**Q** 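The structure under discussion is supplied below as structure tokens; questions concerning it will follow.
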Amino acid sequence: MKMFGKPLIVPVLFVLVLISQSHAAPASSAPSFQVDARSAVLIDALTGRIVFEQNPDEKIPPASLIKIMTLYVIYDAIDSAHFKPTDLVTISKRAWKFGGSQMFLEVGMQVPLGDIIKGIAIISGNDACVAAAEEIAGVEGPLVEKINQKAAQLGLTSSSFKNCHGLPVDGQVTTARDMALLSYHYLKDHPHALEMHRIKEMTFNNITQQNRNKLLWRDRSVDGLKTGWIKESGYHLIATAHRGNDRFIAVVMGAKRPHIREDEALKLLNYGFRNFKTIEVVAAGKPIVMVPVWKGAEKEVPAGAVEASYITIPQGQAGAVQLEKEIPAGIDAPIAKNQKIGSVRVMLDGKPYTTVSLVALAAVNQAGFLKRFFHILVLSFTSAPYGGVIVIVLIALGVFFGFVRSASGSKRKRENTLG
């Protein structure tokens with residue numbers, strides 16, 4: 001039998017959430033400023049909540065921003081243990097002769113995959129992208145297929161990728177919204193990637209080149225992420241910064257000059273940090289509620305979330321956060337660790353924000369025979385589906401026997417009277 005707990009009110013007043021918006025929706029009241037670019041998005045890197053957007057769905061060639069997708073697929077391959085950063089990549093003639101921004105690889109070189117990753121992340125090497133594609137997928141085409149599969153998996157519905165480096169090709173487009181969503185998932189799945197993106201310069205083959213993200217020099221809180229430019233689309237920048245417990249990602253696409261994309265990205269980041277706050281409402285691995293256990297070696301099992309849950313709220317406005325628990329009145333053993341046993345709905349000012357699944361934070365084995373037998377007896381009288389039936393039957397039997405006894409007494413009384 002399932003019961004619903006009373007709302008657990010967090011005894012802290014937080015800022016009023018964006019009214020009537022969904023978990024990934026932008027702020028309801030747009031700021032008065034504009035971004036000097038074709039499109040722009042500001043997203044909370046912990047919650048995935050967009051708090052500013054300007055022409056977010058305009059389709060624009062991605063230029064080198066596509067290299068975030070390339071790096072994503074490379075890191076996925078490393079995480080799956082198919083490749084290691086120490087693997088040596090043999091440089092082909094095709095990779096060597098590739099134009100545009102270069103790492104200055106040479107034909108026949110054997111370069112560790114980790115250095116190739118650096119060449120993509122730090123100096124945006126097109127030759128490094130082709131070399132990585134040939135290492136991961138044999139040739140560039142299959143890697144591009146993996147990139148588009150990943151894009152579909154992440155929900156990048158307005159993007160179409162034709163290569164792994166970003167040089168112009170018909171039909172290759174993306175949007176600021178898709179780039180914001182991509183960057184959010186990229187940092188969530190591969191946070192260690194920032195170790196590369198924050199490096200200011202790289203020396204390879206006796207050539208030193210600087211990171212093209214000049215915000216790394218302008219603001220100490222900025223530690224990524226990627227620039228891009230081709231004539232067809234203008235100057236792009238995805239910039240991320242971390243201040244205190246908050247992180248935001250700014251996407252600026254189609255600026256007219258490099259310094260404009262930097263100015264506008266920094267303006268967006270400052271706007272995010274000054275006007276919004278990221279709050280942890282459910283901690284990872286910490287008990288939220290104790291759930292009674294039937295037929296188990298333990299009386300209760302702690303229930304909590306596998307991952308922390310965050311919300312994004314505007315600063316300076318009072319608002320209440322509530323956690324509405326939906327948990328069973330009891331759960332039968334055995335219980336496996338991380339077995340789902342309920343959920344918590346996060347509410348802000350009475351409006352649903354998100355739902356967090358609750359799991360068993362510990363395993364519970366079955367109890368011995370006598371305890372299980374006792375619990376079965378108790379449940380048979382108290383729990384559905386049998387408990388209610390048994391109680392009703394007992395009441396009915398009591399009423400019936402009471403009626404029979406009363407009728408028998410009345411009959412004997414009449415017989416005695418007649419006698």
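Any value given below was found using the heavy atoms of this structure, including those in side chains, with hydrogens, waters and symmetry copies removed. Note that the structure is predicted; figures quoted are calculated from it, not measured.
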**Q** Test: ring-ring contact (aromatic ring centres under 6.0 Å, His included). Region: residues 53-79. Which pairs qualify, not counting sequence neighbours?
**A** Tyr72-Tyr186, Tyr72-His190, Tyr75-His190, Tyr75-His192

**Q** Given ring-ring contact (aromatic ring centres under 6.0 Å, His included), test Phe204 with Phe104 step by step and report yes or no.
**A** CA-CA 8 Å; Phe204 180 82; Phe104 295 107; 9.2 Å; no

**Q** Is atom NZ of Lys200 surrounded by more than 12 heavy atoms (other residues, nucleotides or ligands) closer than 6.0 Å?
**A** yes

**Q** Check step by step if ring-ring contact (aromatic ring centres under 6.0 Å, His included) holds for Phe276 and Tyr271.
**A** CA-CA 8 Å; Phe276 297 90; Tyr271 168 75; 5.7 Å; yes

**Q** Is the side chain of Glu53 donor-acceptor paired with the backbone N or O of Ala176 at a distance under 3.5 Å, no angle test?
**A** no

**Q** Could you walk me through whether Val344 and Leu358 pass the side chain to side chain contact (heavy atoms under 4.5 Å, CB included) check?
**A** CA-CA 7 Å; Val344 165; Leu358 297 183; 3.6 Å; yes

**Q** Hydrogens and angles aside, do Ser343 and Thr355 bring a side-chain donor and acceptor to less than 3.5 Å of each other?
**A** no

**Q** Does the side chain of Thr90 come within less than 4.5 Å of Met109's, by heavy atoms?
**A** no

**Q** Begin from the C-alpha positions of Glu106 and Asn205 and carry the test side-chain hydrogen bond (donor to acceptor under 3.5 Å, both in side chains) through to its verdict.
**A** CA-CA 9 Å; Glu106 294 183 4; Asn205 202 11; 3.1 Å; yes

**Q** Hey, is CZ on Arg345 packed in by over 12 heavy atoms from elsewhere, all under 6.0 Å?
**A** no

**Q** Going through the distances and angles, do Ser92 and Glu134 end up as a side-chain hydrogen bond (donor to acceptor under 3.5 Å, both in side chains)?
**A** CA-CA 8 Å; Ser92 69; Glu134 292 173 347; 2.7 Å; yes

**Q** Between Asp246 and Arg274 (salt bridge meaning N to carboxylate O under 4.0 Å), is one present in this structure?
**A** no

**Q** Between His242 (side chain only) and Asp223 (backbone N and O only), is there a donor and an acceptor less than 3.5 Å apart?
**A** no

**Q** Step by step, would you call Tyr310 with Tyr353 a ring-ring contact (aromatic ring centres under 6.0 Å, His included)?
**A** CA-CA 10 Å; Tyr310 299 88; Tyr353 185 93; over 10 Å; no

**Q** Is it the case that atom CD in Gln339 sees more than 12 heavy atoms from other parts of the structure closer than 6.0 Å?
**A** yes

**Q** Measure from NZ or CZ of Lys93 to the centre of the six-membered ring of Trp96 and say whether it is under 6.0 Å with the direction within 45° of the ring axis.
**A** no

**Q** Salt bridge or not for Asp87 and Lys84, using N-O below 4.0 Å?
**A** yes

**Q** Regarding Lys67 and Ser64, do their side chains bring together a donor and an acceptor under 3.5 Å, going by distance alone?
**A** yes

**Q** Considering only heavy atoms from C-beta outward, does the side chain of Gln172 approach that of Pro61 to under 4.5 Å?
**A** no

**Q** Start with the C-alpha gap between Val89 and Gln110, add the side-chain angles, then the distance that decides, and say whether side chain to side chain contact (heavy atoms under 4.5 Å, CB included) holds.
**A** CA-CA 5 Å; Val89 180; Gln110 288 194 312; over 6 Å; no

**Q** Using every non-hydrogen atom in the two residues, find where Gln34 and Lys267 come nearest and quote the distance to one decimal.
**A** O-NZ, 2.9 Å

**Q** Does a sphere of radius 6.0 Å around CD in Glu58 hold more than 12 heavy atoms from other residues, nucleotides or ligands, not counting ones at 6.0 Å or beyond?
**A** yes

**Q** Looking at Lys150, I'd like to know if its NZ atom is crowded, meaning that more than 12 non-hydrogen atoms belonging to other residues, nucleotides or ligands lie closer than 6.0 Å.
**A** yes

**Q** Verify side-chain hydrogen bond (donor to acceptor under 3.5 Å, both in side chains) between Arg212 and Ser124, making sure each step is shown before the conclusion.
**A** CA-CA 8 Å; Arg212 287 160 174 77; Ser124 198; 5.5 Å; no

**Q** Identify the heavy atoms of Val35 and Phe33 that sit nearest to each other, and give their distance.
**A** CG2-CE1, 4.2 Å

**Q** If you apply the rule side chain to side chain contact (heavy atoms under 4.5 Å, CB included), what do you find for Val301 with Leu361, and how did you get there?
**A** CA-CA 7 Å; Val301 61; Leu361 298 179; over 6 Å; no

**Q** Show your working on salt bridge (charged side-chain N to carboxylate O under 4.0 Å, His left out) between Lys295 and Asp332 and close with a plain yes or no.
**A** CA-CA 6 Å; Lys295 296 175 282 185; Asp332 289 350; 3.3 Å; yes

**Q** Would a 4.5 Å heavy-atom cut-off, applied to side chains only, mark Ile116 and Glu135 as touching?
**A** no

**Q** Take a 6.0 Å sphere around CZ of Arg218 and say whether it holds more than 12 heavy atoms from other residues, nucleotides or ligands.
**A** yes

**Q** Could you verify whether a donor N or O on one side chain and an acceptor N or O on the other, from Asp178 and Ser159, lie under 3.5 Å apart?
**A** yes

**Q** Between Asp44 (side chain) and Arg49 (backbone), is there a donor-acceptor pair under 3.5 Å?
**A** no

**Q** Test side-chain hydrogen bond (donor to acceptor under 3.5 Å, both in side chains) on Ser158 and Thr175 and set out the steps.
**A** CA-CA 7 Å; Ser158 299; Thr175 66; 4.7 Å; no

**Q** Keeping the roles fixed (side chain from Asp127, backbone from Leu105), state whether a donor-acceptor pair exists under 3.5 Å.
**A** yes

**Q** To check you understand the geometry: which heavy-atom pair defines the closest contact between Asn55 and Ser39, and what is its length?
**A** O-CB, 3.0 Å

**Q** Out of Arg198, Arg247, Lys226, His197, which residue meets the side chain to side chain donor-acceptor pair (under 3.5 Å) rule with Thr240?
**A** Arg247

**Q** Would Asp219 and Arg243 pass as an ion pair if we require N to O under 4.0 Å?
**A** yes

**Q** Is there a side chain to side chain contact (heavy atoms under 4.5 Å, CB included) between Gln54 and Arg38? Walk through the geometry before answering.
**A** CA-CA 8 Å; Gln54 176 181 304; Arg38 290 172 62 180; over 6 Å; no

**Q** Verify the neighbour count for atom CG of Asp57: are there more than 12 heavy atoms of other residues, nucleotides or ligands below 6.0 Å?
**A** yes

**Q** Could you tell me whether the side chain of Leu237 reaches within less than 4.5 Å of the side chain of Leu215, counting heavy atoms only?
**A** yes

**Q** Between Arg261 (side chain only) and His236 (backbone N and O only), is there a donor and an acceptor less than 3.5 Å apart?
**A** yes

**Q** Has Asn211 got a side-chain atom pairing as donor or acceptor with Glu201's backbone, closer than 3.5 angstrom?
**A** no

